[in-house]
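Written out below as structure tokens is the structure these notes cover.
Numbered from 1 within each chain, the chains take letters A, B, ... in sequence-line order.
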Amino acid sequence: MTLDALRRMKVQELALPLVVVLLVVIGAVLKGTIFFSTANLWNVLLQASVAGTVAVGMTFVIATGGIDLAVGSVLAAAAIVGGHYFHGAGSAWFMAGTILAGAAAGAINGIAVAWLRIVPFVATLAMLAAARGIAQQISHQTPVGLYDLEALTRIGSQRVLGIPIPAIVFLVVVALGALVLNGTRYGRYVVAVGGNREAARIAGIRVRPIVFSVYVLVGVCTGIASVLQTGQLASASPVVGLGLELDAIAAVVIGGTSLAGGRCTMLGTFFGVLTFALIFNLLTLENVESQVQQILRGVIILGAVAVQRRGH
Amino acid sequence: MTLDALRRMKVQELALPLVVVLLVVIGAVLKGTIFFSTANLWNVLLQASVAGTVAVGMTFVIATGGIDLAVGSVLAAAAIVGGHYFHGAGSAWFMAGTILAGAAAGAINGIAVAWLRIVPFVATLAMLAAARGIAQQISHQTPVGLYDLEALTRIGSQRVLGIPIPAIVFLVVVALGALVLNGTRYGRYVVAVGGNREAARIAGIRVRPIVFSVYVLVGVCTGIASVLQTGQLASASPVVGLGLELDAIAAVVIGGTSLAGGRCTMLGTFFGVLTFALIFNLLTLENVESQVQQILRGVIILGAVAVQRRGH
Amino acid sequence: MTAILEVRGLVKVFPGVTALAGVDLDVEAGEVHCLVGQNGAGKSTLIKCVSGATPPTAGTIRLLGHDLVAGRPGAALSAGVATMYQELDLVPDLSVSANIFLGHERRIGPLLARRAMRRDATELLARLGHATLDPDAQVAELRPADRQLVSMARALSRDVRLLIMDEPSAILDPPEVDALFAVVRRLTAAGVGVIYISHRLDEIARIGDRITVLRDGKTVASNLPATTSPEQLVQRMIGRSFSEVFPERSDPHGDVVLQVRRLARRPDLAETSFEVRSGEILGVGGLVGAGRTELLRAIAGLDPVDGGEVLVAGRVVPRGRPDLAVAAGIGVAPEERKSQGLWLDWDQVHNVTICDLPRLGRGPFTDAAAEHRAAAAQLRSLAVRPDDPLRLASELSGGNQQKVVLARWLLHASAVLLLDEPTRGVDVGAKADVYRVIAELAARGLAIVMVSSELAELVGFCDRILVMREGAVVAELRGGRATEEMILRHALRAEPPPEPPPESPRASP
Amino acid sequence: WQTGCRKADPPKPGDGSARAEPAKTAAPPPAGAAGAKIKIAFSAPAADHGWTGAISVNAKKQGAKYDDVELSLTQAATAADQVSQLNTIMMQKPDVLVILPQDETVTPAALAAMKAGIPVINVDREFSDPAAQRAVIKGDNYGVGFQAGQYFAGQLHCKGNVVEIQGIAGISVTNQRTKGFADAIGQCKGGIKIIAQQPADFAPDKGLSVMQNILQAQPKIDAVYTHDDDMAQGVVQAIKNANRDKEMWLTGVGGSRAAMDQIKQGGLYRATFLYNPTMAASAVALARLLAKGQGLSDLTEPVIPSLIVMQAQGVFQDNVDRYMQIAF
Ligand SMILES: Nc1ncnc2c1ncn2[C@@H]1O[C@H](COP(=O)(O)OP(=O)(O)OP(=O)(O)O)[C@@H](O)[C@H]1O
Ligand SMILES: Nc1ncnc2c1ncn2[C@@H]1O[C@H](COP(=O)(O)OP(=O)(O)OP(=O)(O)O)[C@@H](O)[C@H]1O
Ligand SMILES: [Mg+2]
Ligand SMILES: [Mg+2]
């Protein structure tokens with residue numbers, strides 16, 4: 001049985017990378033070197049970095065059987081808060097402020113879910129509305145320019161060994177996320193709480209703090225993503241991040257993490273993010289019209305998951 | 001203990017109506033007769049009719065532990081398809097075509113989920129993208145005028161006993177939904193599948209057809225909602241229904257139906273829809289600035305659910 | 001002797017029902033203290049209060065002289081209370097070793113010491129006589145019996161002062177029970193106190209030192225010697241004297257209803273063929289893991305099969321279509337109640353009537369009154385406690401949940417009834433009810449196949465007995481002439497069986 | 001078509017129609033100039049709406065007109081998408097990059113393109129850094145709002161209750177159309193009151209339900225100023241369904257076919273203020289000239305101007321026929 005389990009797991013884990021490889025091949029065939037150049041492949045990773053960083057935190061939330069719909073609004077609000085209150089203090093302060101703002105929003109979600117016992121969907125839906133409103137209220141509905149924050153804008157402009165900085169940050173966050181989820185006691189407790197709350201409780205695990213923590217975690221990730229975003233846009237806008245929650249959740253779910261909680265894979269999330277980024281990149285290179293793009297996106301998603309299902 | 005069970009259920013069931021009453025009182029105090037007039041209360045129901053009709057179908061889907069993210073796009077696509085292919089044939093054909101288109105989209109989702117075994121979230125996410133794309137492709141991004149379909153436009157313009165027709169349709173759909181969910185074998189099977197799939201299978205319930213059917217059902221409801229929408233707009237536009245999925249799901253969940261499946265209440269959904277419609281109505285009557293509106297909406301949602309939680 | 005646990009005046013009130021009404025309990029170092037009582041007597045609730053899983057309404061729990069923080073599992077655990085709960089308490093998504101060390105993982109710095117835990121897990125399992133169980137296997141993949149072993153290993157993974165076991169033997173077979181007892185003796189010898197809950201009174205005589213009897217949440221007798229005769233115990237448990245467990249039955253001579261032809265699902269089930277006549281009760285014995293559950297599941301079309309066919313009343317039942325199997329008159333009461341049998345947040349009525357809605361309703365509509373009538377009757381005949389059909393299944397005791405599942409299939413007018421461990425976790429009194437009902441159904445002409453790990457039940461109640469080993473039927477015995485020893489001998493590969501059944505070919509796993 | 005610096009010489013009526021086929025006025029490709037095609041990359045917002053849809057259509061049409069131009073069009077749903085698309089496009093080294101940015105947050109990407117030696121032509125939404133664009137051709141959102149405001153002031157004789165249904169809250173388009181309107185009716189010294197102001201995200205269904213509520217709250221409405229023709233459709237229906245279309249009138253922005261039809265019929269829909277997607281076509285023409293190093297034939301300068309502002313043009317029942325042909 002174990003053997004079988006392993007075999008199945010293998011296929012599961014291998015399916016998505018397969019899809020990714022497939023997409024890369026298609027890209028190489030369709031666009032040749034324009035697609036299959038290190039420059040463009042880094043570019044794909046760059047495009048994945050914001051949603052991807054959020055998805056890492058989202059994986060933890062979903063692992064507990066929760067969900068966070070607010071990430072998109074929080075992405076916008078965090079940068080606006082950071083830009084509005086810490087702009088003068090310089091890049092470092094701005095980043096700290098933005099990440100802190102994200103964490104704070106997450107903490108509120110966490111309290112609502114863990115202690116007020118409000119369904120995650122509803123609690124974070126409330127935050128989805130509120131955070132967007134706050135972003136627009138503070139910013140008076142106009143973007144906050146941050147061109148003067150060199151260190152920040154360098155995130156968008158510079159590269160290390162030819163790798164865009166956001167891509168590097170994303171890779172680091174994924175690696176850390178995988179380590180924490182699979183390698184630490186905390187990660188194991190997160191899975192336990194999601195897999196069988198009652199069992200976790202009678203094993204002496206304090207369930208609520210764990211639940212609370214994952215929302216703070218996704219908040220921090222969103223804050224980081226917000227910094228990456230702002231670094232590239234050189235300004236904080238109250239209208240960014242619309243629909244980000246869907247992108248992030250989709251990447252996690254397509255990666256093989258179960259919305260019911262318990263079963264989760266950070267590697268899967270990583271490839272899930274890549275899949276969406278590649279689809280987007282390909283369709284852009286082919287400069288497909290947006291409406292056709294959407295149709296294709298839908299079809300490709302189904303196709304990708306179908307391929308995955310073959311695993312079973 | 002029966003008594004107790006009843007009592008507990010009562011509180012659960014009574015909590016949301018309480019919230020609704022609360023909102024009505026607040027409205028009456030703030031705006032007096034402007035709010036507390038039959039005209040406006042029907043208007044609230046009118047506002048609720050589109051999202052509400054969808055929410056009825058959504059309740060069935062969520063009862064099976066599924067979800068449908070595509071309703072917003074399908075709402076737009078259905079009317080566009082109907083308007084594009086059945087416009088000439090007159091109102092009746094248009095309505096039939098639109099509802100059929102909705103059902104077809106639902107059927108595709110149903111097949112993807114029930115037989116291809118694709119996670120509902122992902123399957124319907126694909127449809128979310130594809131349907132929107134199709135709507136825009138067919139319509140060339142321009143609304144399809146339907147002024148000439150009298151019967152259709154009468155849906156928007158006329159009233160029966162002072163009640164707007166969409167409101168009536170909505171009430172009828174809710175009543176039917178409640179009857180099917182609570183009063184029929186089919187409804188019981190839907191809940192059974194959502195509550196414990198394996199047990200349902202062992203009990204001889206054909207799980208897949210049930211799962212398939214609920215997606216068709218929500219498709220039909222979306223088609224009907226699309227007709228109500230189009231009747232009021234006197235034209236089919238490819239950009240309507242953005243974010244409708246969140247509204248519908250939120251109403252269902254806030255109503256007390258569990259996203260995990262197995263526990264569901266149509267009455268709850270009804271009051272959930274009313275809650276959101278009332279919040280929106282109040283904030284607009286007060287002409288609150290949009291950003292402040294969003295903040296308040298978030299706060300009110302949390303508040304409402306917190307009141308509900310008191311029940312436990 | 002030093003007292004490890006002192007429970008005084010423990011009260012637990014659930015909304016609408018008093019589970020415990022002032023229970024006292026003392027457990028001393030090195031003793032095995034047995035708890036017995038009817039289903040719903042309050043045994044599990046009592047031990048849940050001790051282990052901190054549920055906060056008691058009133059009363060004191062002193063552990064080694066210190067008051068225990070109520071409702072904090074962590075506190076009890078660190079105080080040395082290890083508990084095996086009645087409902088399996090594992091995280092299916094985690095591996096065996098992860099489950100064993102859940103809550104007290106071994107670590108190197110901030111990171112998990114996976115290798116160390118894997119090693120220790122293997123060691124613990126070996127102590128329980130199951131070195132073969134892979135510590136990396138996902139618990140979700142394990143069969144019930146193996147899961148039970150995992151939670152046992154987990155209880156032993158901490159240093160224990162008080163070990164609580166809630167019906168640990170329910171899904172174990174004799175050899176595994178022996179292994180369990182060996183471990184228990186080793187622990188008691190080391191001064192550990194043990195609370196042992198079981199409905200198998202013979203076990204209690206073997207392992208127990210003292211016995212406390214609960215009835216309706218009250219202590220009706222304590223400090224009884226282990227030598228107390230089963231009759232006396234039963235007398236105390238159900239409050240009336242009680243005899244004649246198995247009902248009288250006339251020999252079945254109906255015609256063949258169920259035919260199983262060369263049914264196979266490798267590796268769990270080798271080619272199997274047999275017939276069951278109307279009115280006949282066919283017992284299926286064997287060790288845990290012998291493939292009895294698989295046999296039933298294959299017949300009911302719940303698992304894909306490699307080959308063979310199943311006929312009901314001469315008509316072939318299409319493969320792999322449980323719905324058609326049910327339609328053809330095959331009912332199956334599964335082994336795992338919670339996961340396969342019950343809708344926990346439904347009331348009992350809905351749980352019982354789910355298979356009979358067409359019969360009980362009008363057209364497409366359901367009929368609440370009719371359902372309630374039908375269900376209530378069934379539930380009463382099985383003496384489900386508390387007697388309230390509208391109570392949620394989640395609020396029932398383990399044994400009563402079992403009865404609810406049973407009630408469904410007893411209500412469902414099927415031609416063939418497949419029962420997997422029907423009396424598991426059911427108290428002696430209720431067992432008699434179950435036997436009576438099954439006998440009545442047989443008398444009504446149903447063909448009944450009954451998997452059981454209780455040899456007495458097979459020998460005393462069944463007309464014929466199939467013994468399985470490693471996925472194959474290795475012997476067929478006559479109910480009357482069979483003895484528990486014979487069954488056991490076939491189940492454990494001993495010398496070849498005396499009367500090789502013509503219709504059951506030798507296994508080839 | 002309109003050239004010159006900010007609000008230079010007021011437009012002559014004829015100009016509207018001239019916009020229809022800019023190829024005429026744009027210098028035709030010199031006979032001798034054969035050889036490599038000019039690669040023009042046009043980055044537009046997703047065609048998820050009448051106006052944005054028309055932008056793409058116009059750009060493509062214009063690109064097709066020239067046989068020496070190879071136009072590639074990409075569309076982005078969000079600013080972030082557009083930035084990453086531009087990263088992708090830049091690697092294809094187009095000769096000219098035409099961008100209709102989602103919002104000013106796209107500026108750095110454009111700046112990078114300019115630095116990389118790819119001239120950028122900005123359509124409609126100026127970058128926050130002038131160095132990010134070689135030329136701008138834009139509509140005049142402030143002007144649209146201002147003209148609308150003046151029209152309202154005139155029609156209402158500086159007295160009345162006005163409802164404003166905005167686009168997407170928080171984007172500059174909305175802010176400018178609001179500000180222009182407010183400034184214009186400012187002349188009435190509060191005679192015109194904005195009794196309700198709500199965004200409806202350029203979506204007809206949002207326009208419908210927002211207006212349904214406002215109609216409940218406001219017993220007396222004289223006119224409604226909406227930021228978009230598509231969205232206005234919902235507002236119109238809300239008013240008609242409430243049988244209050246005699247009580248008030250309404251204006252839109254953009255110049256959609258549906259709007260112009262209703263203006264022609266007369267009644268509720270009084271006017272729309274051109275915000276014409278043909279500017280996309282003009283931008284492509286400009287890009288071509290830029291690549292060829294030519295100026296506008298009718299101007300003396302040998303290079304294209306750096307700022308072209310389409311004059312906001314009111315379309316009313318009396319002049320609607322002239323604009324019908326450029327309706328989208
Ligand atoms: N969560 C709950 N809510 C309400 N009542 C409960 C709950 N759990 C148990 N009960 C009630 O408490 C009583 C004792 O239950 P308990 O599980 O302790 O019985 P038990 O002795 O373990 O029976 P069994 O031998 O069947 O396991 C039963 O009447 C049961 O219905
Ligand atoms: N959920 C499962 N996943 C994988 N293998 C299983 C599962 N359940 C049972 N098996 C395998 O099927 C065979 C029989 O299992 P099982 O223990 O159910 O037989 P059994 O004789 O019915 O024992 P029990 O006394 O538990 O009913 C075993 O080899 C076991 O490994
Ligand atoms: Mg128990
Ligand atoms: Mg079994």
Side-chain angles (χ1 to χ4, degrees), chain A residues 65 67 69-70 73 108 112 116-123 125-141 238 242-243 245-247 249-250 252-254 256 258-261 272 289-306 308-309 312, chain B residues 65 67 69-70 73 108 112 116-123 125-141 238 242-243 245-247 249-250 252-254 256 258-261 272 289-306 308-309 312:
Chain A
I67 196 161
L69 300 175
S73 308
I108 296 174
L116 302 185
R117 288 239 243 23
I118 295 175
V119 201
F121 189 95
V122 177
L125 183 76
M127 179 59 75
L128 163 75
R132 180 70 60 185
I134 289 168
Q136 303 209 323
Q137 179 71 344
I138 296 178
S139 67
H140 302 300
Q141 320 205 325
L242 290 165
E245 59 278 6
L246 273 192
D247 300 346
I249 298 170
V252 173
V253 173
I254 218 177
S258 152
L259 280 169
E289 288 179 326
S290 60
Q291 66 271 26
V292 182
Q293 251 191 51
Q294 285 182 296
I295 300 175
L296 286 178
R297 189 168 297 164
V299 174
I300 298 176
I301 292 176
L302 271 195
V305 182
Q308 222 177 342
R309 280 286 156 285
H312 292 294
Chain B
I67 196 161
L69 299 175
S73 307
I108 296 175
L116 303 184
R117 290 240 247 14
I118 295 175
V119 200
F121 189 95
V122 177
L125 183 75
M127 180 58 75
L128 163 75
R132 180 70 60 185
I134 289 168
Q136 291 176 346
Q137 182 67 353
I138 296 180
S139 66
H140 304 297
Q141 290 96 33
L242 289 167
E245 59 277 5
L246 272 191
D247 300 347
I249 298 170
V252 174
V253 173
I254 214 176
S258 152
L259 280 168
E289 283 181 328
S290 66
Q291 67 271 26
V292 182
Q293 242 187 59
Q294 285 181 295
I295 301 175
L296 286 180
R297 187 168 299 155
V299 174
I300 297 176
I301 293 175
L302 271 195
V305 182
Q308 222 177 342
R309 280 288 156 284
H312 294 293

Part of Ala260(B) within contact of chain A (heavy atom distance under 4.5 Å): neither

Comparing Ala135(A), Ser258(A), Gly133(A), Gly298(A) against chain B, the one with the most heavy-atom pairs below 4.5 Å turns out to be Gly133(A)

Here the gap from Leu302(B) atom CG to Ile118(A) atom CD1, rounded to the nearest 0.5 Å, amounts to 5.0 Å

For Ser73(B), which atoms come within 4.5 Å of any heavy atom of chain A: side chain, backbone, both, or neither? neither

Quick one: what part of Ile249(B) sits under 4.5 Å from any heavy atom of chain A, side chain, backbone, both or neither? both

What part of Gln141(B) gets closer than 4.5 Å to chain A, counting heavy atoms only: side chain, backbone, both or neither? side chain

Supply the atom-to-atom distance Leu116(B) CG to Ile108(B) CD1, rounded to the nearest 0.5 angstrom. 11.0 Å

Within the structure provided, determine whether Val252(B) and Phe121(A) are in side-chain contact (heavy-atom separation under 4.5 Å). no

With a 4.5 Å cut-off on heavy-atom pairs, point out which of Ile295(B), Ile301(B), Ile300(B) contacts chain A the most. Ile295(B)

Is Ile134(B) close to chain A through its backbone or its side chain, or both, or neither, when contacts mean heavy atoms under 4.5 Å? both

Output for pair (Met127(A) CE, Leu69(A) CG), nearest 0.5 Å, gives 12.0 Å

Is Val299(A) in contact with chain B via its backbone, its side chain, both, or neither, using a 4.5 Å heavy-atom distance? neither

Exercise: do Arg132(B) and Gln136(B) side chains pair donor with acceptor under 3.5 Å: no

For Leu128(A), is it the side chain, the backbone, both or neither that has a heavy atom under 4.5 Å from a heavy atom of chain B? side chain

